[in-house]
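Have a look at the structure below before the remarks.
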There are 2 protein chains.
Amino acid sequence: MSRENLQERVYRALRQALMRGAFPPGRSLTIRALAGALKTSAMPVREALRQLVAERALAMLPNRSFGTPLMTVAQFDDLRRIRMRIEGFAAAEAASRIDRETLLRLEEIDAEMAAASRRVRRERFIELNQEFHFTIYEAAGSAVLMPIIESLWLQIGPYLTFVFPDGERPQVTHATHRPVIVALKRGDAAAAQAALAADIDKAGEILKRVATFAAEDG
Amino acid sequence: MSRENLQERVYRALRQALMRGAFPPGRSLTIRALAGALKTSAMPVREALRQLVAERALAMLPNRSFGTPLMTVAQFDDLRRIRMRIEGFAAAEAASRIDRETLLRLEEIDAEMAAASRRVRRERFIELNQEFHFTIYEAAGSAVLMPIIESLWLQIGPYLTFVFPDGERPQVTHATHRPVIVALKRGDAAAAQAALAADIDKAGEILKRVATFAAEDG
DNA sequence: TTACAAGTGTTGTGATCACAGCATATCGAC
DNA sequence: GTCGATATGCTGTGATCACAACACTTGTAA
């Protein structure tokens, strides 16, 4: 048996599923069902769920059970706005620290995303987009910033259910990723920040067109 | 019995203690000891601890037990830097949204802090400083930003052990809080951001002079 | 006196059970 | 057929127990 906790394993499994958009917004998760699916007892599952609630990846539904958050449009815009600011800042920091090797990796990912989109591989597309962004944030070199950004990504996770690399999305993504790479190459912090914010902004706009949200009231 | 969870109660108790600097950096906490002190079983305590670890308020020590994080100087500077950026942004947002009533509240708190410091009331001083900042952040009106900032405050929490309102600190705090209020009154977002960042910067500088840190190596 | 080994206590972890709150279904009365 | 009360099952929650990993102490032998 590996030397890691069961709850750690459960946590990672759920976290990855959430980040990949495996659960739509408002989907409810029960301790016992997950425990059964993962072949463990309730103990590790409830602690993993609680940790995800602390990271805002899950919420406690009104009926006192766990589930993925269902946002209103206003909440979605708030999240998008904060992401643009914080992840933009991370890109700015990365501009002065990123090395040649990492820049090459970004080029590779960008190329692979175009390929993945042509073959309409949804999961791979999401995965590569995630890798593109986190390669940059990693380069920012802040241990404090990293978990904050991860939490933000966990929050939008469920809305990635609506992402599909149709004819438009991958082209747009390529168009918004390109300026980020260029700015990072030049070491231009302000441009990198603006370009990355624009990418998030655009992606959010597309998502808003196809996603479903909670009633404004709540 | 009150209608809230036991783990919620334990969580709030620990969280408040941490934010008030009740535990010094590197202090270890055991589940059974806390359960005994709070007169509950281990169950609610371990879930509360796990939640605090997720919020970076606690860490898992190398000896496999829980404890408050002991930072290196570099980590402390990283945290300070991110705080200046994120909380500064919150202040900028607040500048265009804050109302007259909230501004008056800030004036009150500022005045009370001077009074608290003359009587050398350490705990009250920390509490008022916290209220000053969070009154501003609340005014920023972002449900996404708020828990992020709370997590940042939980991370510096243990280092508030070293805060003491001696002859210097309260004067400095007043000197750095004042420009924040002035900028917010004018609705000047850029000035508010700069003033708040300066406050965090100065406070961190003072703290660094008296606090103890982990060895640079780790 | 020193070194090493056995033992003891403490740690977090996982499993299991009992229970209260709640939603829903089911059954009976009108 | 409709309404209401009872019952049933499901939810998270808390308590308790057993256990493996580890730290530390204690005792013994050289």
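Per chain, numbering begins at 1; letters A, B, ... match sequence-line order. Atoms considered below: every heavy atom in the structure, side chains included; atoms not considered: hydrogens, waters and symmetry mates.
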Side-chain donor-acceptor pairs under 3.5 Å in residues 139-163 of chain A, sequence neighbours left out?
unit_1: Ser142(A); atom_1: OG; unit_2: Val144(A); atom_2: N; d: 3.3
unit_1: Ser142(A); atom_1: OG; unit_2: Leu145(A); atom_2: N; d: 3.0
unit_1: Ser142(A); atom_1: OG; unit_2: Asp78(B); atom_2: OD1; d: 2.9
unit_1: Ser142(A); atom_1: OG; unit_2: Asp78(B); atom_2: OD2; d: 3.2
unit_1: Glu150(A); atom_1: OE1; unit_2: Arg15(A); atom_2: NH2; d: 2.9
unit_1: Ser151(A); atom_1: OG; unit_2: Glu55(A); atom_2: O; d: 2.9
unit_1: Ser151(A); atom_1: OG; unit_2: Gln155(A); atom_2: NE2; d: 3.4
unit_1: Trp153(A); atom_1: NE1; unit_2: Glu87(A); atom_2: OE1; d: 3.2
unit_1: Trp153(A); atom_1: NE1; unit_2: Glu87(A); atom_2: OE2; d: 3.3
unit_1: Tyr159(A); atom_1: OH; unit_2: Met71(A); atom_2: N; d: 2.9
unit_1: Tyr159(A); atom_1: OH; unit_2: Met71(A); atom_2: O; d: 3.4
unit_1: Thr161(A); atom_1: OG1; unit_2: Gly21(A); atom_2: O; d: 3.4
unit_1: Thr161(A); atom_1: OG1; unit_2: Pro158(A); atom_2: O; d: 2.5

Nucleotide nearest Met60(B) when distance is taken to its side chain, options dT13(C), dT11(C), dT13(D):
dT13(C)
Starting at the 5' end of DNA chain D and moving along, which residue's nearest nucleotide shows up first, Thr40(B) or Phe66(A)?
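That would be Phe66(A).
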Any donor-acceptor pair under 3.5 Å linking the side chain of Ser28(A) with the backbone of Gly67(A)?
no
Taking side chain as C-beta onward, heavy atoms only, is [X] less than 4.5 Å from [Y]?
X	Y	value
Arg50(A)	Gln7(B)	yes
Met43(A)	Met43(B)	yes
Glu107(A)	Leu103(A)	no

Would you mind reading off the distance between [X] atom [atom1] and [N] atom [atom2], rounded to a whole angstrom?
X	N	atom1	atom2	value
Asn5(B)	dG14(D)	CG	C1'	10 Å
Leu6(B)	dG14(D)	CG	P	5 Å
Leu34(A)	dC10(D)	CG	C1'	15 Å
Arg9(A)	dG14(C)	CZ	C1'	12 Å
Leu61(B)	dG12(C)	CG	C1'	12 Å
Leu38(A)	dA15(C)	CG	C1'	16 Å
Ile31(B)	dG12(C)	CD1	C1'	6 Å

Plane angle bin for His133(B) and His177(B) - parallel if under 30°, tilted between 30 and 60°, otherwise perpendicular:
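Perpendicular.
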Look at the rings of Tyr137(B) and Phe134(B) and say which category their plane angle falls in: under 30° parallel, 30 to 60° tilted, over 60° perpendicular.
perpendicular
Could you list, one pair per line, each protein nitrogen or oxygen that sits under 3.5 Å from a nitrogen or oxygen of nucleotides 16-20 of chain C, together with the distance?
none

Flag if over 12 foreign heavy atoms under 6.0 Å of CD, Glu138(B)
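Not buried by this count: 12 neighbours or fewer within 6.0 Å.
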Do other residues, nucleotides or ligands put more than 12 heavy atoms under 6.0 Å from the CD atom of Glu123(A)?
no
So what does Glu47(A) hit on the nucleic acid, given a heavy-atom distance under 4.0 Å: a base, only sugar-phosphate, or nothing?
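If one applies the 4.0 Å heavy-atom cut-off, Glu47(A) turns out to touch nothing in the nucleic acid.
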For Gln7(A) and Thr30(B), find the nucleotide of DNA chain C closest to each by heavy atoms; which residue's nucleotide sits nearer the 5' end?
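Of the two residues, Thr30(B) wins.
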Tell me, which of residues 48-59 of chain B have any heavy atom that sits under 4.0 Å from an atom in DNA chain D?
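Heavy-atom contacts with DNA chain D come from no residue of residues 48-59 of chain B; none.
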